[in-house]
Student: 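Have a look at this one.
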Amino acid sequence: MSTTGITLHQHSLEQQQQNAHVVEELPELLAALSRAARTLAREIRRAALVGQLGLVGGSNPTGDAQKKLDILGNTTLMEALAETGLVAAVVSEELPEAMPVSSGSAARYVVCLDPLDGSSNTDINGPVGTIFGIRRCGAAGQSGTAADVLGSGSEQVASGYVMYGPGTVFVYTCGAGVNGFTWDDERGEFVLTHPDIRGPRQGHYDSANLGHYHEWHPHIQRFIDYLTQHDPLTHRPYSLHYTGALVADVHRSLLEGELYFYPADAEHQQGKLRLLYECAPWPSSSSRRVAASAQARRGCSRSRLKPCTNACHRSSAALKMWRCMSHSRPTVVPHEEAHT
Ligand code: AFP
């Protein structure tokens, strides 16, 4: 396939035509998400000028203080997805439960969203993002409920993220490679700029909130100590890069090879990152299927969720998830040591 100048819409149509496993509604679902992303990019850029920075005054179901832009992001995405008639429900960081969207027979998908990831960065003009994972509704009569999203991350039909930085970048996978598109003002389109993303085999960045170092499990502390030792042969010490916005940090990981981790700490004993919309959606270049390798707790088991109260917002102590996803091969302490 020639990739010169191809738009996101053209790309998703080609993916759908060329890969039997790709759902026929993919182009329309991605078009809706990209329309919302375009609106959000504009609103984020001008937020300081129109009084859209700062807090709303409440908190979301995961306990984070909600920003005005969090609410705007959620509404914008929900409206765009509702227009398609293809989405039965949305699971969002900003909503307590799965929210019904459409009830027609075409509404066969549930979309998991972190509408504005890293929203603490909005007030300092830092990078933020949107994360999405698209799943099929479950058995007939069970559509649009939390039960539809309780399967493994590998059951997603497509997933990805948008990063609002100096440019706006839309990255997605439908299980046939990971591709990135940059918004082109002149064409009014997302245009393919990062085809078939595969991170370098050797990374030398790490990304984590080291403020929690003394609360982490001793094995994780040892791992950090290992990364900071000097050894040119294994590209150590790693350089610490942390923006506080998962999308920005993991985007770097996909492009340049990096470890990102947010292990359990005193405040977040189950980990901070939410499985459905902060972990499972991260696209993998190493698998035909959409990545599911967000892992639970210290053991790095697969992310099959079991029903529980507020399962939509269940979190994961993510230790090494994006090393495997980005194809980067940093030299790490032996697996057994890191995970026992
Ligand atoms: P939200 O802005 O969507 O709540 O996500 C923020 C986040 O989950 C993730 O984007 C960051 O990597 C992480 O939190 C930063 O957390 P700390 O401020 O605790 O380091």
Side-chain angles (χ1 to χ4, degrees), residues 36-37 40 43-44 47 52-56 58-78 90-96 111-133 159-165 169 171 205-216 220 224 240-254 258-282 294 310 312-322 325-326:
L40 278 177
E43 294 303 323
I44 291 164
Q52 278 294 331
L53 294 182
L55 297 169
V56 178
S59 53
N60 67 21
T62 63
D64 299 326
Q66 271 178 319
K67 298 269 171 109
K68 293 178 193 167
L69 283 172
D70 284 320
I71 306 288
L72 182 73
N74 192 59
T75 311
T76 306
L77 285 153
M78 295 265 302
V90 163
V91 168
S92 163
E93 185 178 26
E94 306 307 329
L95 300 170
V111 180
C112 299
L113 289 173
D114 184 347
L116 203 66
D117 170 71
S119 56
S120 65
N121 277 355
T122 52
D123 293 349
I124 53 115
N125 196 26
V128 289
T130 293
I131 310 173
F132 62 88
S159 71
Y161 61 94
V162 185
M163 181 176 153
Y164 312 100
V169 180
V171 178
Y205 295 109
D206 63 321
S207 191
N209 184 341
L210 288 192
H212 297 294
Y213 177 91
H214 293 290
E215 301 163 26
W216 288 342
I220 297 174
I224 303 297
L240 177 70
H241 284 215
Y242 189 66
T243 66
L246 179 65
V247 164
D249 288 322
V250 181
H251 183 65
R252 185 188 312 110
S253 130
L254 276 177
E258 178 185 85
L259 291 158
Y260 178 98
F261 39 99
Y262 206 113
D265 57 40
E267 190 186 345
H268 311 101
Q269 299 206 352
Q270 304 286 319
K272 183 177 185 193
L273 303 182
R274 308 290 151 171
L275 275 171
L276 290 179
Y277 45 79
E278 289 187 309
C279 294
W282 284 95
N310 84 342
C312 293
H313 302 293
R314 188 162 170 177
S315 53
S316 159
L319 175 56
K320 61 156 204 156
M321 66 178 79
W322 290 294
M325 290 181 160
S326 67

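No experiment lies behind these values; they were computed from the predicted model shown. Whatever order the structure lists them in is the order used to number ligands and atoms, beginning at 1.
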Student: What's the spacing between S92 OG and L116 CG if we round to 0.5 Å?
Tutor: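 One gets 10.5 Å once the value is rounded to the nearest 0.5 Å.
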Student: Could you measure the distance from the CG atom of N121 to the CG atom of L69? Nearest 0.5 Å is fine.
Tutor: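 Result: 12.0 Å between the selected atoms.
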Student: Here's a test for you: under side-chain contact (heavy atoms from CB on, under 4.5 Å), which of V247, V250, V162, L276 qualifies with I131?
Tutor: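 Among V247, V250, V162, L276, the one meeting side-chain contact (heavy atoms from CB on, under 4.5 Å) with I131 is V247.
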Student: Atom CG of L40 and atom CG of L72: how far apart are they, to the nearest 0.5 Å?
Tutor: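 L40 CG to L72 CG: 6.0 Å, rounded to 0.5 Å.
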Student: Does D70 pair with K67 as a salt bridge, N-O distance under 4.0 Å?
Tutor: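 Salt bridge: no.
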Student: Could you list each nitrogen or oxygen of ligand 1 that sits under 3.5 Å from a protein nitrogen or oxygen, with the atom names and the distance?
Tutor:
unit_1   : atom_1 : unit_2 : atom_2 : d
ligand 1 : 2 (O)  : G118   : N      : 2.7
ligand 1 : 2 (O)  : S119   : N      : 2.9
ligand 1 : 3 (O)  : E93    : OE1    : 2.8
ligand 1 : 3 (O)  : D114   : OD1    : 3.3
ligand 1 : 3 (O)  : D114   : OD2    : 2.9
ligand 1 : 4 (O)  : D64    : OD2    : 3.2
ligand 1 : 4 (O)  : E93    : OE2    : 3.3
ligand 1 : 5 (O)  : D117   : OD1    : 3.3
ligand 1 : 5 (O)  : E278   : OE2    : 3.4
ligand 1 : 8 (O)  : E278   : OE2    : 2.9
ligand 1 : 10 (O) : D117   : OD1    : 2.6
ligand 1 : 10 (O) : D117   : OD2    : 3.3
ligand 1 : 10 (O) : L246   : N      : 2.8
ligand 1 : 12 (O) : L246   : N      : 3.4
ligand 1 : 12 (O) : Y260   : OH     : 2.7
ligand 1 : 14 (O) : K272   : NZ     : 3.0
ligand 1 : 16 (O) : K272   : NZ     : 2.9
ligand 1 : 19 (O) : Y262   : OH     : 2.6
ligand 1 : 19 (O) : K272   : NZ     : 3.4
ligand 1 : 20 (O) : N209   : ND2    : 2.8
ligand 1 : 20 (O) : Y242   : OH     : 2.5

Student: Give the ring-plane orientation class for H268 versus Y262, where under 30° counts as parallel, over 60° as perpendicular and anything between as tilted.
Tutor: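 Correct class here is perpendicular.
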